[in-house]
Amino acid sequence: MTIRVLLADDQALLRATFKLLIDAQPDMEVVGEASNGHEAVRLARSERADIVVMDIRMPEVDGIEATRLIGRDEDLAGVKVLVLTTFEQDEYVIEALRAGASGFLGKGVEPAQLLDAVRLVTAGEALLSPSATKGLIARVLAQPSPDGLVDHARLATLTPREREVLALVGSGLANGEIAERLFVTPVTVKTHANRAMAKLGARDRAQLVVIAYETGLVRPGERQF
């Protein structure tokens, strides 16, 4: 399957560079380019993109608001957002995740890292920049968001095993690591994670991380099980 990529950045030269890189891959193609968030949302819909590589600082509508609009649009439920920006600061990391981004990378990444990130996020995994450490995410996400991503009571809809998996996803563990911890297979872990996402209305694993902290299921510095 070819990954359909939409580039959203107000710098035309940067978009051109990314396009050359991505179009050179046998499993990817750039299907559109946007210079602001409004165009990004429109093109995500019209071009049926699988993933949007989204800058944060753009005119008219910024990348965070565009990410939020994509996340709220039922017609774009399968579209992933990978935020790529020079502004790797606490508030931008957290706002991007809360808005629904599945990944966050700085523009200084190596080409191979960007390509790997596109594949990883499209496959449904969460990805954070090395500078956006788990400690940072834990510290800031532990503070409730103004609008609240999920009703705490909805955790009650999860089975005990789904809660365990949610807590371990929130701690930053991959499926294989969780499987070893719980003595199950990675496929079983993925099944529990998918069921938790469905019950909690989460788009992907990145939102599960946000939910785990915002509901208090995981706390900074706390080791799970």
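All residue numbers refer to positions in the sequence shown, counting from 1. Small disclaimer: the values here were computed from a predicted structure and weren't measured.
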State, yes or no, whether a side-chain contact exists between [X] and [Y] at a heavy-atom distance under 4.5 Å.
X	Y	answer
Val83	Val81	yes
Met28	Arg119	yes
Thr2	Asp27	no
Leu158	Leu200	yes
Asp73	Leu69	no
Val31	Asp50	no
Arg163	Thr159	no
Lys199	Leu166	no

How close do [X] and [Y] get, heavy atom to heavy atom, and via which atoms?
X	Y	value
Ala179	Pro186	CB-N, 3.6 Å
Asp75	Arg48	O-NH2, 3.1 Å
Ala212	Gly170	CB-CA, 3.9 Å
Ala193	Leu208	O-CD1, 3.9 Å
Leu6	Ala49	CB-CB, 3.9 Å

Legend entry - Verdict with reasoning, Ile178 to Val169, per side-chain contact (heavy atoms from CB on, under 4.5 Å): CA-CA 8 Å; Ile178 297 173; Val169 168; 3.7 Å; yes
Inset, instruction - Tell me yes or no: between the side chains of Thr185 and Thr188, is some donor less than 3.5 Å from an acceptor? - result: yes
I'd like to know if the side chain of [X] and the backbone of [Y] have a donor-acceptor N/O pair within less than 3.5 Å.
X	Y	value
Glu39	Ser35	yes
Gln113	Glu110	yes
Arg4	Glu47	yes

Any chance you could measure [X], atom [atom1], to [Y], atom [atom2], to the nearest 0.5 Å?
X	Y	atom1	atom2	answer
Asp55	Asn36	CG	CG	11.0 Å
Glu95	Arg98	CD	CZ	6.5 Å
Met58	Gln11	CE	CD	11.0 Å
Thr215	Leu155	OG1	CG	4.5 Å
Thr191	Arg161	OG1	CZ	12.5 Å

Inset, instruction - Kindly check if the number of other-residue, nucleotide or ligand heavy atoms within 6.0 Å of NZ (Lys190) is above 12? - result: no
Inset, instruction - Give me the one residue out of Val121, Thr67, Val5 that meets side chain to side chain contact (heavy atoms under 4.5 Å, CB included) with Leu82. - result: Val121
Inset, instruction - Report the C-alpha distance between Leu115 and Leu21 in whole Å, list the side-chain angles of each, state the deciding distance to 0.1 Å, and finish with yes or no for side-chain contact (heavy atoms from CB on, under 4.5 Å). - result: CA-CA 8 Å; Leu115 296 172; Leu21 174 65; 3.9 Å; yes
Inset, instruction - Using a strict cut-off of less than 4.0 Å between a Lys/Arg side-chain nitrogen and an Asp/Glu carboxylate oxygen, indicate whether Lys19 and Glu29 qualify as a salt bridge. - result: no
Legend entry - Salt bridge flag under 4.0 Å for residues Asp10 and Arg57: no
Inset, instruction - Determine whether Leu14 and Leu84 fall in the same hydrophobic cluster, where Ile, Leu, Val, Met, Phe, Trp and Tyr are linked whenever their side-chain heavy atoms lie under 4.5 Å apart. - result: yes
